[in-house]
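Below is one structure; the comments refer to it alone.
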Amino acid sequence: NVGAMFLPSQARRILALAAMVMFAGSAFTAEPGRYEACLTLVKRDAEAGLAIARDWLAEAPTATPARHCLAVAMIDAGEIAEGVAQLARLATDDTLPAPVRGDLHGQAGNGWLIAGRPDLAIAAFDSALLVHRGDIELLIDRARAHAGVGDYWSAVADLDAALDRAPGRDDALAFRAAAYRRLEVWELAAADAARALTINPANVDALVERAILRLYADDTAAARADFSQVLLLAPDNAAAVLARSFLAELAR
């Protein structure tokens, strides 16, 4: 268990990223109304969107918007490996503008995280960052992927780069706190968790990190208070799952 902040992004992340591509190049604006309608349907009903995308692709097997909507629909409908493979194929289509291919590599990276393949996610994010150099979101996403393969120093390096560009990103600070904790660099982990909570007291990932560090310091009461606060702030968040497991252990 690498901590709540390193859990894979959800399929909705792919749908959010789709908006970056929607009007990025002529390949995606050939039928903007139909493309937008397809993505909108996927958001509302993944299975229905999948059917519409497949029908569209049957009509136009090389239509880039149809291929992209199908990939997004597959991922959201649970056909994750197939959908990510479709994104990866699109990302290597050299008829598309480089920025669009970069966006698609980033989407594929998040898809590989959802599929539980952080190794493939790293390669996809590497390709995306060759196009979108220094992109903060991509750096944070690649940090997740590095953490997923246990390479916490590389995760720290990506988070350092992201925080150089956006020092107020409390999510990146919480992620870096988790990485430092895994590396047993306790003082830096505690400093990042504290800084994240100064910026955003409701950051549940940072609260979990501070709680775990307090357990290491034998401050059980303070740790229990942090875990309980996580449940109050975000009872359905992945961080809450971790908080509940710790509170259950503390109650024994």
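Closest approach of A240 and A234 over heavy atoms only: CB-O, 3.2 Å. Nearest heavy atoms, L215 versus T220: CD2-CA, 4.4 Å. The shortest non-hydrogen separation linking L197 to N203 is CD2-O, 3.6 Å.
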- Chi angles and distances behind the side-chain contact (heavy atoms from CB on, under 4.5 Å) call for D93, R89: CA-CA 7 Å; D93 184 345; R89 284 192 294 272; over 6 Å; no
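Listed for the R165 side chain is a donor-acceptor partner under 3.5 Å among the backbone atoms of G134. Proximity of a side-chain donor or acceptor of R144 to a complementary backbone N or O of P118 within less than 3.5 Å is not detected. Of the possible donor and acceptor atoms, one in the side chain of N110 sits under 3.5 Å from a partner among the backbone N and O of G106.
Using a 4.5 Å cut-off between side-chain heavy atoms of Ile, Leu, Val, Met, Phe, Trp and Tyr, with links allowed through other members, L87 and M74 fall into different hydrophobic clusters. L173 and L188 fall into different hydrophobic clusters, where Ile, Leu, Val, Met, Phe, Trp and Tyr residues are linked whenever their side-chain heavy atoms come under 4.5 Å apart, directly or through other members.
Between the side chains of D103 and H132, at least one donor N or O lies within less than 3.5 Å of an accepting N or O.
Ion pairing between E209 and R176 fails under the 4.0 Å rule for side-chain N and carboxylate O. Here R101 does not pair with D94 in a salt bridge; the nearest charged N to carboxylate O distance is not below 4.0 Å. Taking the charged nitrogens against the carboxylate oxygens, R54 and E79 do have a contact shorter than 4.0 Å, which makes a salt bridge.
For E187, the CD atom sits in a loose shell: 12 or fewer heavy atoms of surrounding residues, nucleotides or ligands are nearer than 6.0 Å.
Taking the six-membered ring for Trp and thresholds of 30 and 60 degrees, H68 and Y35 have ring planes inclined between 30 and 60 degrees apart.
Residues P167 and R195 form a side-chain contact, since some pair of their non-hydrogen atoms from C-beta on lies under 4.5 Å apart.
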